[in-house]
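Since the structure is predicted, the reported quantities are computational estimates derived from the model, not experimental observations. Each chain gets a letter, A, B and so on, in the order its sequence line appears, and its residues count up from 1.
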Protein chains: 2
Amino acid sequence: MSDRIAASKTADKGATRADEVRLAIEEDIFLGRLRPGTRLDEESLAQRFNISRTPIREAILQLVHAGLVEKQPRQGAVVAPLKLHRMVQMFEVMSEIEGLCARYAARRMSEEEKQALKRLHDTSKAHMEARELDAYYAVNRAFHEAVQAGSHNEPLQEIARGLFARLAPYRRYQLNHPSRVKDSFTEHDDVVEAILAGDPEAAYTAMRRHVTIQIDIFTEFVSIMGGNEIQ
Amino acid sequence: MSDRIAASKTADKGATRADEVRLAIEEDIFLGRLRPGTRLDEESLAQRFNISRTPIREAILQLVHAGLVEKQPRQGAVVAPLKLHRMVQMFEVMSEIEGLCARYAARRMSEEEKQALKRLHDTSKAHMEARELDAYYAVNRAFHEAVQAGSHNEPLQEIARGLFARLAPYRRYQLNHPSRVKDSFTEHDDVVEAILAGDPEAAYTAMRRHVTIQIDIFTEFVSIMGGNEIQ
DNA sequence: GCTCCCCTCTCTGTATACAAGAGATGGACA
DNA sequence: TGTCCATCTCTTGTATACAGAGAGGGGAGC
């Protein structure tokens, strides 16, 4: 399994082993190979990546501060087992943060940025109509990132990215919902229209509603699954 | 200088050396003993705290992820030298985040929390009238933290704390401004009134304005100092 | 005299060895 | 048979040793 590092896409020149390990574990969490609650044993990880425990520890620390992993002194690290009420709170914040991004984007996006956003949106329409779920999901993410970048506020983007990363492990449950893709597209439509028109409040409202709806879907999913801790 | 760790206030049972070092460096940054741009040499720090480089490295990593320190692979760590435009962006986000906290607080604070907030506010009034600047500053921080806690949204509080930590090194410039304390108190007054009355939008507006004013003061300070990078 | 290249030296990144705490396990006693 | 305590083991935290990358200085060439 030590080929994992070599397989890492981001072979940055200056990157350290710790960075590579972090990316690999991050991906494992995102893709569900490492599920919330899973113990991260330093020694096993060291063997898996064929390196010493030192860079493993650094990688885990980075993940702890990204909120993806929890760690108690002398008691090891586990993939963050999100409590339901905390997830709802995170979605709540996410809706405000993304709404804020949209508001700023409506005011600050250049004409080029607006056209790029429009193109992304059109691409997603094609994927929707072709029922290409994975592709739609990918473009959906790019769409949100474009709006975040359009805010022209780096700290805000960092916050949005951080929240997205922490919610990502759970997001895969969402687009399975029947007709969700079509609704999602319609909501995006409102956002794009408001941003292109340069209407900050409409953009804020549209984006905030779009993300808020995800909370409903998520809680619905959870109520079906039962339990107040998702593992 | 190795007594620094022993002198640490938070002698938590489970805390590691790395945590203690992090707290110590954090305090140095907040109090201006370590100024933005200062190089953090692992070996010197290890000698200063009389421990090995390993926990020092972990502490630095934690500070990097808190945004207080910047680090390039193989080129060491420096206390984050904030660019002016980034600082303004951070204040911009901070005003929205704190406004959001106030909005939620107006809806969600219990009667006990509201009374505690009122008491804090009364205390700060006493300090203002007695012209006790440091005491006012301390209570001011407690006031903001109380509102944040009143939001009953942990991720939101974490974001607010993170931004506060990153802005703290520069905040000391602010309350020196003539009559700032009195204005600050008046603005707090509006916030308290709105929260006690349970008026979310008024609370949001009042808090947002309170923080936004700090941007003006800050940019004024910078324009006096000149330069677009603060060291 | 200036510039460019190479060497050296310092500091970071990684490996490995050691220490210490937390949980598990087994035995003894009630 | 159940519970409590001691010990033991396993994992994490820390120290130290080693390796390798960058930066800086000195010398050679132009």
Checklist entry - Which residues pass the side-chain hydrogen bond (donor to acceptor under 3.5 Å, both in side chains) test with A:Asp41, sequence neighbours left out? => result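 Here the qualifying residues are A:Ser44.
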Under the side-chain contact (heavy atoms from CB on, under 4.5 Å) test, residues paired with [X] that sit two or more places apart:
X	answer
B:Ala66	none
B:Arg119	B:Gln115, B:Ala116
B:Leu120	B:Val139, B:Ala142, B:Ala146

Next on the checklist: Show every salt bridge (Lys or Arg N to Asp or Glu O under 4.0 Å) that has at least one partner inside residues 107-117 of chain A, sequence neighbours left out.
Outcome noted: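 The answer is A:Arg108-B:Glu92.
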Checklist entry - B:Arg208: what forms a salt bridge (charged side-chain N to carboxylate O under 4.0 Å, His left out) with it, not counting sequence neighbours? => result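 Partners of B:Arg208 by the salt bridge (charged side-chain N to carboxylate O under 4.0 Å, His left out) criterion, ordered by chain and then number, come out as B:Glu96.
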Next on the checklist: Suppose we screen for salt bridge (charged side-chain N to carboxylate O under 4.0 Å, His left out). Which residues come up paired with B:Arg141, at least two apart in sequence or across chains?
Outcome noted: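 With sequence neighbours excluded, B:Arg141 shows a salt bridge (charged side-chain N to carboxylate O under 4.0 Å, His left out) to B:Glu145, given in chain and number order.
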Listed pairs, N/O of protein and of nucleotides 6-8 of chain D, under 3.5 Å:
none

Checklist outcome for this item: Protein heavy-atom contacts under 4.0 Å, written 5' to 3' over nucleotides 11-18 of chain C as B (base), S (sugar-phosphate only) or - (none), form the string SBBBBBB-
